[in-house]
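Read through the structure below, which is laid out as structure tokens, and then see the notes.
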Amino acid sequence: MVRVLKPVELIVVASEKGRVTVKYPYQEPLVTSDFRGAIKIDASKCIGCGACVKACPPNALELMESPDRLVIRYFVGRCIFCWRCVDVCPVKAIVGTREFELATDKVEDLFNYTVHRRAECRECGSGFATRRMVEYVTEKSAVSEYYANECPECRRARVLKAAARRRGGV
């Protein structure tokens with residue numbers, strides 16, 4: 001059976017227990033170390049690989065491409081703070097924060113852009129990957145220096161041409 005307290009009894013219990021709420025926003029909110037808030041993308045570390053975009057369940061991260069640049073757009077209004085992007089980033093350019101006070105009256109404030117210039121193919125001149133991604137791949141694999149500055153189509157054509165030469169073709 002549930003006992004209903006009378007108003008006087010409630011005042012007595014409340015005075016014994018003391019204040020149980022925080023005077024927010026005048027006091028710091030009680031946020032645990034496990035709390036997940038918005039993410040931050042460090043543009044100086046980001047290589048523009050797009051792994052974060054593929055891992056994002058609510059599509060808060062979007063890859064926007066043009067012939068000369070690649071842009072990663074983060075829309076905090078769609079983010080569910082799962083931090084999958086933090087886990088998959090190969091260069092640790094994305095970090096999770098405990099920031100949750102994200103209210104604004106302008107929707108533009110909810111967007112964050114990371115802009116990368118495209119690398120140009122040394123054969124055909126088309127833009128294919130970001131310059132930082134080419135540098136990253138070259139740094140990680142010395143073998144890649146020979147073909148890292150070519151777009152996939154030119155690489156494919158070169159491999160097919162080399163295979164034809166080995167077989168005795170032109």
Side-chain angles (χ1 to χ4, degrees), residues 29 31 33-170:
V31 179
S33 60
D34 295 332
F35 179 79
R36 292 181 177 199
I39 62 164
K40 294 282 183 201
I41 301 174
D42 185 350
S44 66
K45 290 182 181 178
C46 181
I47 61 173
C49 66
C52 55
V53 174
K54 291 179 180 158
C56 185
N59 297 325
L61 290 161
E62 183 181 3
L63 199 62
M64 301 172 1
E65 300 185 56
S66 70
D68 62 335
R69 62 186 162 142
L70 183 137
V71 178
I72 297 175
R73 180 173 76 173
Y74 171 53
F75 178 45
V76 73
R78 188 175 280 168
C79 187
I80 60 173
F81 310 131
C82 66
W83 288 8
R84 283 187 180 181
C85 54
V86 174
D87 296 335
V88 301
C89 183
V91 292
K92 306 297 181 215
I94 304 175
V95 293
T97 68
R98 293 173 43 186
E99 183 180 341
F100 67 93
E101 296 171 318
L102 305 167
T104 181
D105 56 353
K106 294 184 233 163
V107 74
E108 301 87 37
D109 294 342
L110 298 175
F111 288 97
N112 182 357
Y113 297 91
T114 305
V115 181
H116 294 281
R117 291 191 343 214
R118 287 196 178 270
E120 292 181 4
C121 177
R122 68 176 166 206
E123 295 294 321
C124 67
S126 68
F128 63 101
T130 66
R131 292 180 181 182
R132 286 216 165 128
M133 198 180 325
V134 171
E135 292 169 5
Y136 177 77
V137 169
T138 305
E139 178 184 307
K140 294 293 178 186
S141 174
V143 176
S144 68
E145 288 179 20
Y146 186 65
Y147 61 86
N149 291 315
E150 292 180 0
C151 68
E153 290 80 20
C154 291
R155 274 187 242 156
R156 188 177 307 111
R158 186 160 49 107
V159 168
L160 291 174
K161 192 174 182 182
R165 273 194 306 243
R166 287 190 185 127
R167 291 186 186 143
V170 177

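- Side chains of L70 and E65 form a contact here, defined as non-hydrogen atoms less than 4.5 Å apart.
- The shortest non-hydrogen separation linking A38 to T97 is O-OG1, 2.6 Å.
- Checking side-chain atoms of R73 against main-chain N and O of M64 turns up no donor-acceptor pair under 3.5 Å.
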Given V76 and F81, is the side chain to side chain contact (heavy atoms under 4.5 Å, CB included) satisfied, shown in steps?
CA-CA 9 Å; V76 73; F81 310 131; 4.1 Å; yes

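- Listed for the R36 side chain is a donor-acceptor partner under 3.5 Å among the backbone atoms of C82.
- Atom CZ of R69 sits about 14.0 Å away from atom OG1 of T130, to the nearest 0.5 Å.
- Residues L110 and L102 share a closest heavy-atom pair of CD2-O, 3.7 Å.
- The shortest heavy-atom contact between C121 and C151 is SG-N, 3.3 Å.
- Around atom CZ of R84, no more than 12 heavy atoms belonging to other residues, nucleotides or ligands sit under 6.0 Å away.
- Across N149 and F128, no two heavy atoms sit closer than the pair C-CZ, 3.8 Å.
- In this structure, SG on C154 lies 11.0 Å from NZ on K161, to the nearest 0.5 angstrom.
- Between T138 and A148, the shortest heavy-atom contact is OG1-CB, 3.6 Å.
- Considering all non-hydrogen atoms of both residues, C79 and P58 come closest at CA-CG, 4.4 Å.
- Rounding to the nearest 0.5 Å places OG of S126 at 6.5 Å from CD of E153.
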Full working for side chain to side chain contact (heavy atoms under 4.5 Å, CB included) between T114 and Y74
CA-CA 8 Å; T114 305; Y74 171 53; over 6 Å; no

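- Between atom SG of residue C56 and atom CD1 of residue I39 there is a gap of 7.5 Å, rounded to the nearest 0.5 Å.
- Ring geometry, F111 versus F75: the interplanar angle falls under 30°, so the pair is classed parallel (tilted spans 30 to 60°).
- For the pair W83 (side chain) and V95 (backbone), a donor-acceptor distance under 3.5 Å is absent.
- C85 contributes atom SG, which lies 7.0 Å from atom CD1 of I41 (distance to the nearest 0.5 angstrom).
- Evaluation of the salt bridge (charged side-chain N to carboxylate O under 4.0 Å, His left out) rule for E150 yields R122, R158 as partners, not counting sequence neighbours.
- The closest side-chain heavy-atom distance from P29 to F100 is below 4.5 Å.
- Interatomic distance, M133 CE to I47 CD1, rounded to the nearest 0.5 Å: 6.0 Å.
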